[in-house]
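These notes are about the structure you will find just below.
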Amino acid sequence: MIKERFGAELDQCFRQGVEQGLWSAAAAGMYVVENSKRASHGDFSTNMAMVVAGKDRKNPREVAQHLVVMLGEKKDLVEKVELAGPGFVNVFIKPEVWQSVLPGVCEQNEKFGLSDVGAGRKVLVEFVSANPTGPLSVGHGRQAALGDAICRLLAATGHAVTREYYYNDAGRQMRVLGESVRARYLEQLGLPNEFPEDGYQGEYIRDIAAVMVKEHGDRLKDQVDVTPFKQSAEKAIFEDINGTLLRMGIKFDNYYNEHSLYDEGLVDDVVTILREKGLVYDQDGAVWFKTTKFGMEKDRVIIKSTGEPTYRLPDIAYHREKFRRGFDWMVNIFGSDHIATVPDVMAGIEALGYDQSKVTVVLHQFVTLLREGKQVKMSTRKATFVTVDELLDEVGPDVVRFFFLMRKADSQLDFDLDLATKQSQENPVYYMQYGHARLASIQRKAQELGVERGPLAEVSLELLVEPEEQSMLKSMAAYPELVNSAALALEPHRIIFYMQELAGQFHSYYSKHRVISDDLPLSKARLWLAEGLRIILDNGLTLIGVKAPDSM
RNA sequence: GCGCCCGUAGCUCAGCAGGAUAGAGCAACGGACUUCUAAUCCGUAGGCCACAAGUUCGAAUCUUGUCGGGCGCACCA
């Protein structure tokens, strides 16, 4: 907010310089304003002089000198301006300007930081999308936390968000699942059975079979078609998955069944359209998509010689439906093992005449689970994977979400179970939550003592002059910009890093200064400051789906 | 062999669009609770930003190459 104001003033100085013939307009839009890293460099600094000098072949320090004079005249915003180094211009903002951010924070309260940069654009975010073959594992957990936080960020920035879960209950995987259940069913009836070679060995299969024995007795023992087993399994597993997601606080708006694409002839449509465009051909009994036309190394099969489509075809049809449903932006969140599918689908979108730049794929790297410092090996087929439910049992939803979000998606993530389990200083989750609890506690204490912070308009905010107070106000002013950039970059981890920093500033301040004291005007100002901090911690935690407790 | 991601302090990682003396947490060491919650704070120590070249006023950041780790490269999803 303040940075934008300063940026506008700087632009005006630039234009003024052009008018006065001090420099050309060549550098327009090429210079930047940044937050100074060092207090001695002021609040903001700009490289404008160096960029201008580079374009016009002038001496940067001379250009900077002009700028220093011009900025010095912005007396309602600027305290002082300094020329430094090779031509940086460092600007110190007046304390009262920083103090003025506080009323905005407190009045907007839970709305502070929200924006409408999304302008109501319709965004479809697809994530988790695990087929119902078993409980959600740790990898899905990362995707769930990431996807949901991205949705929250997009919603906070004025996008109309739809959360969608895409699944397939018709493929080979599901058939094997049905066969696995049947084998356990027969086993529990004491009948001969053959467990599929690549069957699902998890205990949950036995549970599903047991329910079937209870409901149907041995009536299904001669059942040749696996459908009833498959259906029971799907139902039970989806209930389980949804239960897990709900424990994490995640609700989808829509579940999209791949099968419906076939029922509505949408898969055939794609083949027909591509064939008409000459982008498809038959060879060796299979149908091939000319992906080489879209810069890929070789063509890909979309219908196998058995007549079954490969996963690409319904994926393409699904994306075509996303476009036809009128979304302006489609965000797909995939594990890095799905990298290979991305170019295929993108080629399909392009081939069908849609704009692939409207599709953004967020790939996240794998999760390594550590227990006692050692990696826990996981396999879906064997029962050796750790489920999200187990994580939730051990550490609770706040810790789970936090750990999954604290790294950027590109990085591999170590989930250290021992660290996550610790309710101590080593566990970074509590740092922010504790900050919020402390801030809430201060307000309670003030009430107990009968110290009213009173109406904001009557509070002497000019008393907030401590360096710690100034720097917290500065951080607070940067929050809305942070939310915007995190949303547009689809990077929730930025919120976490910001809040760790803000909570740190507060903890440090807390141990150095007292909010409530004998000085009533000062107490009031600081109580409002504390309230502003609490609001931002609350809002930020909400964005990543972690609770902001009033006491711990 | 090819494609994508990663390589920054002992460990786990930030570093926004190239900017000034590279940051945080944990671990280590030394301190601080009669005062609004010590799940906290203060201090010390810790670095060839994997390596090499290039681009430029300036590179952890951009380009190329090398090395190391992860994930892919199906008529599986």
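Note on naming: letters A, B, ... go to the chains in the order of the sequence lines (proteins, then strands), and numbering restarts at 1 for each one.
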Mind checking what makes side-chain contact (heavy atoms from CB on, under 4.5 Å) contact with A/Tyr31, not counting sequence neighbours?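 If we apply the side-chain contact (heavy atoms from CB on, under 4.5 Å) test to A/Tyr31, skipping adjacent residues, the hits are A/Leu10, A/Asp11, A/Phe14, A/Thr46, A/Asn47, A/Met48, A/Val51.
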Check every atom of [options] against the side chain of [X] and return the nucleotide holding the closest atom.
| X | options | result |
| --- | --- | --- |
| A/Asp284 | B/C75, B/U37, B/C41 | B/C75 |
| A/Tyr510 | B/G19, B/C75, B/C36 | B/C36 |
| A/Glu297 | B/G19, B/C75, B/C2 | B/C2 |
| A/Tyr431 | B/U40, B/A20, B/A77 | B/U40 |
| A/Met552 | B/C75, B/C13, B/A39 | B/A39 |
| A/Tyr434 | B/C16, B/A77, B/A39 | B/A39 |
| A/Ser441 | B/C75, B/U37, B/C13 | B/U37 |
| A/Val515 | B/A14, B/C36, B/G19 | B/C36 |
| A/Glu258 | B/C13, B/A77, B/A39 | B/A77 |
| A/Asn47 | B/G19, B/C5, B/C36 | B/G19 |

Toward the 5' end of RNA chain B, which comes first, A/Leu413 or A/Gln500, by nearest nucleotide?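 So the residue in question is A/Leu413.
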Closest-nucleotide mapping onto RNA chain B: is A/Asp299 or A/Gly85 further toward the 5' terminus? I mean the 5' end.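 Whichever sits nearer the 5' end wins; that is A/Gly85.
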Side chain of A/Ser45, base of B/A20: donor and acceptor closer than 3.5 Å?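 Yes.
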Find every protein N or O atom lying less than 3.5 Å from an N or O atom of nucleotides 42-46 of chain B, and list the pairs.
| from | atom 1 | to | atom 2 | distance (Å) |
| --- | --- | --- | --- | --- |
| B/C42 | OP1 | A/Ser508 | OG | 2.9 |

Under 3.5 Å for both donor-acceptor distances, Watson-Crick or wobble: does [N] have a partner, and if so which one?
| N | answer |
| --- | --- |
| B/G25 | B/C11 |
| B/U40 | B/A32 |
| B/U55 | none |
| B/G3 | B/C71 |
| B/G46 | none |

Please tell me whether [X] and [Y] have a donor and an acceptor in their side chains that are separated by less than 3.5 angstrom.
| X | Y | answer |
| --- | --- | --- |
| A/Tyr311 | A/Asn168 | no |
| A/Tyr318 | A/Glu258 | no |
| A/Thr292 | A/Asp299 | yes |

Applying the side-chain hydrogen bond (donor to acceptor under 3.5 Å, both in side chains) test to A/Asn332, which of A/Lys322, A/His338, A/Glu164 qualifies?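 Single pass found, and it is A/Lys322.
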Pick out the pairs of N or O atoms, protein on one side and nucleotides 69-73 of chain B on the other, that lie under 3.5 Å.
| from | atom 1 | to | atom 2 | distance (Å) |
| --- | --- | --- | --- | --- |
| B/C71 | O2' | A/Ser336 | O | 3.0 |
| B/C71 | O2' | A/Asp337 | N | 3.4 |

Just so I know, are the side chains of A/Pro314 and A/Tyr166 near enough to count as touching, which here means a heavy-atom distance under 4.5 Å?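 Yes - at least one pair of side-chain heavy atoms lies under 4.5 Å apart.
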Quick check: do A/Arg142 and A/Arg407 have side-chain heavy atoms less than 4.5 Å from each other?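 Yes, close enough: below the 4.5 Å cut-off.
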Give a yes/no answer on whether the side chain of [X] brings an N or O atom under 4.0 Å of OP1 or OP2 in [N].
| X | N | answer |
| --- | --- | --- |
| A/Lys445 | B/U35 | no |
| A/His493 | B/A24 | no |
| A/Lys512 | B/U40 | no |
| A/Arg438 | B/A38 | yes |

Looking only at the aromatic ring of each residue, does the gap between the centers of A/Tyr510 and A/Tyr434 stay below 6.0 angstrom?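 Aromatic pair excluded; centres sit 6.0 Å or further apart.
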Would you say the side-chain atoms of A/Gln143 pair up with the backbone N or O of A/Val128, donor to acceptor, closer than 3.5 Å?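 Yes; at least one donor-acceptor contact below 3.5 Å.
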